[in-house]
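Since we're looking at a predicted model, the values are computed, not measured. Excluded from the calculations below are hydrogen atoms, water molecules and symmetry mates; all remaining heavy atoms, backbone and side chain alike, are included.
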Amino acid sequence: MIVRSFKEIEGTDRHVKSASGTWESKRIVLAKEKVGFSLHETTLYAGTETSMWYANHIEAVVCVEGEAELTDHETGKSYTITPGTMYLLDGHEKHTLRIKKDFRCLCVFNPPVTGREDHDENGVYPLLTEEV
């Protein structure tokens with residue numbers, strides 16, 4: 001059994017800040033736990049815009065605080081995401097989040113991330129693996 005808090009991973013290598021400066025992520029469950037998914041608390045900052053494309057991962061996101069506009073580049077459709085709203089990128093959709101109010105969410109990735117990932121120039125997380 002693993003028990004840990006988001007508070008205790010602040011400032012560790014599990015607390016990742018994006019090179020773009022638009023978000024930070026506390027990665028509480030990673031690939032090295034070998035449970036088949038990773039779990040993160042991510043905060044995106046008001047007034048920022050982040051375009052992403054998880055070509056190598058499926059991601060589920062649940063908003064717990066704030067507000068964002070999510071645009072699906074595949075359909076052109078936009079959604080308002082507020083606390084209690086979930087979105088699932090089950091088709092590797094290219095998308096953009098425009099943050100209206102600091103946006104805190106819980107994210108689950110499959111396959112799990114290692115904790116070293118950041119978006120590349122296409123908004124993609126590389127598919128990294130853990131050393132065995």
Do [X] and [Y] come close enough that some side-chain heavy atom pair is under 4.5 Å?
X: Asp102; Y: Leu44; result: no
X: Lys94; Y: Glu74; result: yes
X: Val62; Y: Tyr87; result: no
X: Ile58; Y: Val108; result: no
X: Ile28; Y: Arg14; result: no

Should Leu89 and Met86 be counted in the same cluster of Ile, Leu, Val, Met, Phe, Trp and Tyr side chains packed under 4.5 Å apart?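 Per the 4.5 Å side-chain linkage, Leu89 and Met86 are not co-clustered.
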Heavy-atom closest pair, residues [X] and [Y]:
X: Val61; Y: Cys107; value: CG2-SG, 4.2 Å
X: Met52; Y: Leu97; value: CE-CD1, 3.8 Å
X: Ala60; Y: Leu88; value: CB-CD1, 3.8 Å
X: Pro83; Y: Gly66; value: CD-O, 3.2 Å
X: Tyr45; Y: Gly21; value: CD1-O, 3.4 Å

From CA spacing to verdict: side chain to side chain contact (heavy atoms under 4.5 Å, CB included), Glu69, Thr80: CA-CA 5 Å; Glu69 177 186 81; Thr80 299; 5.7 Å; no
May I ask you to decide whether Glu33 forms a salt bridge with Arg27, counting only side-chain N to carboxylate O separations under 4.0 Å?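 So Glu33 does not pair with Arg27 through a salt bridge.
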[X] side, atom [atom1]; [Y] side, atom [atom2] - distance, nearest 0.5 Å:
X: Leu30; Y: Ile9; atom1: CG; atom2: CD1; result: 8.0 Å
X: Asp90; Y: Glu59; atom1: CG; atom2: CD; result: 12.0 Å
X: Tyr79; Y: Thr71; atom1: OH; atom2: OG1; result: 9.5 Å

Consider side-chain hydrogen bond (donor to acceptor under 3.5 Å, both in side chains). Of Glu24, Glu41, Lys26, Glu10, which one does His15 pass it with?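 Exactly one candidate clears the test, Glu24.
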Tell me if the centroids of the rings in Tyr54 and Phe109 come within less than 6.0 Å of each other.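 Ring centroids of Tyr54 and Phe109 are less than 6.0 Å from each other.
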I would like to know whether Thr96 and Thr50 meet side chain to side chain contact (heavy atoms under 4.5 Å, CB included); could you show each step before the answer? CA-CA 6 Å; Thr96 297; Thr50 304; over 6 Å; no
Does [Y] offer a backbone N or O that forms a donor-acceptor pair with the side chain of [X] under 3.5 Å?
X: His95; Y: Leu70; result: no
X: Thr42; Y: Ser25; result: no
X: Asp72; Y: Lys77; result: no

Applying salt bridge (Lys or Arg N to Asp or Glu O under 4.0 Å) between Glu65 and each of Arg104, Lys100, Lys101, report the one that passes.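 Answer to the salt bridge (Lys or Arg N to Asp or Glu O under 4.0 Å) test with Glu65 among Arg104, Lys100, Lys101: Arg104.
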Should Trp23 and Val16 be marked as a side chain to side chain contact (heavy atoms under 4.5 Å, CB included) after you check the CA-CA gap, both sets of side-chain angles, and the distance that decides it? CA-CA 9 Å; Trp23 58 264; Val16 177; 4.3 Å; yes
Could you walk me through whether Val29 and Ile2 pass the side chain to side chain contact (heavy atoms under 4.5 Å, CB included) test, one step at a time? CA-CA 9 Å; Val29 176; Ile2 298 169; over 6 Å; no
Just checking, is any N or O donor in the side chain of Thr48 or Thr22 under 3.5 Å from an acceptor N or O on the other one?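 No, no side-chain donor-acceptor pair sits under 3.5 Å.
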